[in-house]
Trainee: 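Structure below; questions to follow.
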Amino acid sequence: MNTTDNLIPLPRHVTPLDGQVFTLQPTARIIAEGAARTAAGQLQLLLQRGTGFELPIATHSSSGDISLELVETLDGGPEAYGLTVTDDAIRLTAQAPAGFFNAVQTLRQLFPASVEQPLTPHGAPHATPDAGTWVIPGVVIHDAPRFQYRGLMLDVARSFFTVEEVKEQIDVMGQFKLNALHLHLTDDQAWRIEIQPPADNPSGLDYGNLTAVGGAVNHPGTGLGPGRTGFYTQEDFKDIQRYAAARNVLVVPEIDLPGHVNAALAAIPQLNPDGRPQPMNTTGDVGYSTLDAGLPVTYEFVREVLGQLASITTGPYLHIGGDEALVTGHDNYVTMVREFARIGAETGKTVVGWNEYAEVDLPDGAVVQYWHGGFDPVVEKAGAGSPVLMSPAATTYLDQKYDPGSPIGLSWVEGGPFTWAEYYDWDPVQGGLAEHQVLGVEGPLWTETVRGNRQAYWLQYPRAVSLAEVAWSSRPARDLDGFRRRLGTLGERLSRQGVPFQEAPGVQWSARPSDPFADTMGTNSDEYGTIEA
Ligand code: TNX
C-alpha cells in the first residue's frame, strides 16, 4: 500500500522517504509547548486509547519522540502544516493551533487503522494490538487548504441533536479537516436556541416561549425512530463552541428569516398581524410562513434575537436564512431582509444568507450561500465583494438519498440519486466566479427524515468526505480513482470509530459499517420512508 492510500483529504505535497520507517515505542514522548499544547493533548489521548501507551508531554526531544514545533511562517497560513516521519523521529510543524490540529489528523491517518477506537466514550473499546504494530512509513508532507471554509450544516430544528451528539459530529468531521459547523437553529417546526428575557422589552414579548413552545416539538411526522425534542440553553451553545474551537471548528448559528418562522409565530402572538398565535405545524412542508414587514414588532424581535445570538457567538458569522420565503411577497422580502442584514451587521458579525437574499441590497462583505436557482445574482454580488459559499444541492446536499430505496433521506433534487462520485467530481469555482471569490464549501443535512447521529452519519458519510477533499485539495490533484481507493481504506477506520456509513457502490470497502437503524426498528416503522419533499 502507498503512504497516500490512507490520506483523506489529499495533502498538497507528499514525498515518501523510501526505506525509512518509524516505529512507535511505549517509551516515546510528545514534545510540545504553547500553541501546540491542545493538539498534543489530543494526540496523547488518541494514542493512549488506540495503542495503550501513556506517552508523556515534555519539552525537550530525543530520538523516538513525536515533536510539535512552532514555526514563524509557513506557506498557506494558520491551517498549514508540515509533517516529517523518519527512522527516529516524527516532527510536526505549524504556525498556529489550527495547523497543529490538522497535522495531528494527518499523522493519525498514517497510523494503522487499528489505532481507531469508538468515538463515544461509552463505546466498548477494541482490543489494542501489541507494541510492534505501530509502524509508520517515512514521509515528508507539506500541506495547506485550498478553501478557508470547509463546512457541514446540521438541521437541529427539524430533528434535535443533543449537545453530546453535536460534539460527536465535530469529532467525526474534524478528522477530515472540515472546519465549520453551521447549526440551523430555527424553522417552522421548532426553535432550538434560548433567548433570554431582555431588560428592555417595549412590546412585552415572551421570548421564553420560543423554546417552551418551539423546543417541545416532536418532529415533522416523518422519519425512522422516535422524534426529538429539546433546545440549547445559551450555556449549551457556548459549550459547543468551546468544544468546536479546540478542534479547529467554527460554529455558524442560523436564525432563518423572514420565512421558515412558524415556530416563532406560534410562540409569540404579537408577531402575527391579527395578534393570534399560529398553531404549531409538524409536517415537512416549506414556504408557508412569514414575518410581517409592516409590523414594527417584527424588527424589535429580530434585533433582540440577533443581538443576543451575536453576543454568545465567538465566530465571525451570523446566518440569517432568507430561503424559501414563498408567501412573503417580493417587496416585503426586500424590505425585511435588507433591514435584518443591517441589524445583523450592526452586531459586528458578518451576515450569511441563502442565495435568495442576493437580490437584496446587502452590507459590505455579506456572504452568499448558494444552494439552488439562478446564479447571476450570486456572481453579481461576488463582483461587489460578497464571498460565496458553495452548497449546490446536486453536489453537496447530504440529506438526499443515495438510492431510491433508502429508508431515510429526501429526493427532490433533480438528477439524483447522488453518491460519493457526484459529490467529488465538481468544482466550487464555477459559473463565472473567480477562485478568490469562493469562501468555501458546505454540505447541509436537512433532518426531516433523520433521527440522531447514527442515521445522520449514514447519510453524511462518505459524501461528506468527498466534500472535504473538494474543499481542501487542489482541483488538479483530485482524481476519482485514487479517491475511490482511499475511501475503501477509510471504511475500516469509520467502522472502528462506530460511524455508520453508506456502503456506496463502486468502492471496495475495507470493513462493513454497523447498522444505523438497529436501535430504531419497530419504533416508528409505519412512517418508513414516506417523505418526498
Ligand atoms: C429546502 S435548502 C430548504 C429546507 C428543507 C430542504 C429539504 C434550503 C435553503 N431550504 O428548508 O429542509 O429544502 O426539504
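Just so you know, ligand 1 is whichever comes first in the structure, and atom 1 is the first atom listed for that ligand.
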Trainee: At less than 4.0 angstrom from any non-hydrogen atom of Glu448, what atoms of ligand 1 do you find?
Mentor: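 In order of numbering, the contacting atoms are 5 (C), 7 (C), 12 (O), 14 (O).
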
Trainee: So, 4.0 Å and heavy atoms of His372: is ligand 1 close enough to count as a contact?
Mentor: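 No, that is not the case, since the closest heavy atom of the residue is not under 4.0 Å from the ligand.
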
Trainee: For the side chain of Ser386 and the backbone of Ala366, is there at least one donor-acceptor N/O pair under 3.5 Å apart?
Mentor: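 Side chain of Ser386 to backbone of Ala366, a donor-acceptor pair under 3.5 Å: yes, one is there.
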
Trainee: Could an N or O of ligand 1 be found under 3.5 Å from any N or O of Asp323, whether backbone or side chain?
Mentor: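 Among all N and O atoms of Asp323, at least one is under 3.5 Å from an N or O of ligand 1.
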
Trainee: Under the salt bridge (charged side-chain N to carboxylate O under 4.0 Å, His left out) criterion, do Arg150 and Glu79 qualify, and how do the steps go?
Mentor: CA-CA 12 Å; Arg150 306 176 304 279; Glu79 289 208 272; 2.8 Å; yes

Trainee: Below 3.5 Å, N or O to N or O, backbone or side chain included: is there any such pair between Trp354 and ligand 1?
Mentor: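 No: no nitrogen or oxygen of Trp354 is under 3.5 Å from one in ligand 1.
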
Trainee: Would Glu324 count as being in polar contact with ligand 1, using the rule that some N or O on each side must be under 3.5 angstrom apart?
Mentor: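 Among all N and O atoms of Glu324, at least one is under 3.5 Å from an N or O of ligand 1.
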
Trainee: Under a 4.0 Å heavy-atom limit, does Leu410 contact ligand 1 with its side chain, its backbone, both, or neither?
Mentor: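 The side chain, only.
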
Trainee: Can you confirm whether the side chains of Gln460 and Gln169 place a donor and an acceptor under 3.5 Å from each other?
Mentor: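 Checked: Gln460/Gln169 side chains pair up, N/O donor to acceptor below 3.5 Å.
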
Trainee: For Arg158, state whether at least one heavy atom is located under 4.0 Å from any atom of ligand 1.
Mentor: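 Arg158 counts as a contact of ligand 1 under the 4.0 Å cut-off.
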
Trainee: Please determine, by modelled atom types, if Glu194 and Thr233 share a side-chain donor-acceptor pair under 3.5 angstrom.
Mentor: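 The answer is no; no qualifying pair exists.
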
Trainee: What I want to check is whether the side chains of Glu469 and Tyr424 have a donor and an acceptor closer together than 3.5 Å.
Mentor: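 A donor-acceptor contact under 3.5 Å links the two side chains.
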
Trainee: With heavy atoms of His260 as the reference, note each atom of ligand 1 found under 4.0 Å away.
Mentor: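 With His260 as reference, the close atoms of ligand 1 come out as 11 (O).
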
Trainee: For Gln430, is the CD atom crowded, meaning more than 12 foreign heavy atoms sit under 6.0 Å from it?
Mentor: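 Result for CD/Gln430: enclosed.
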
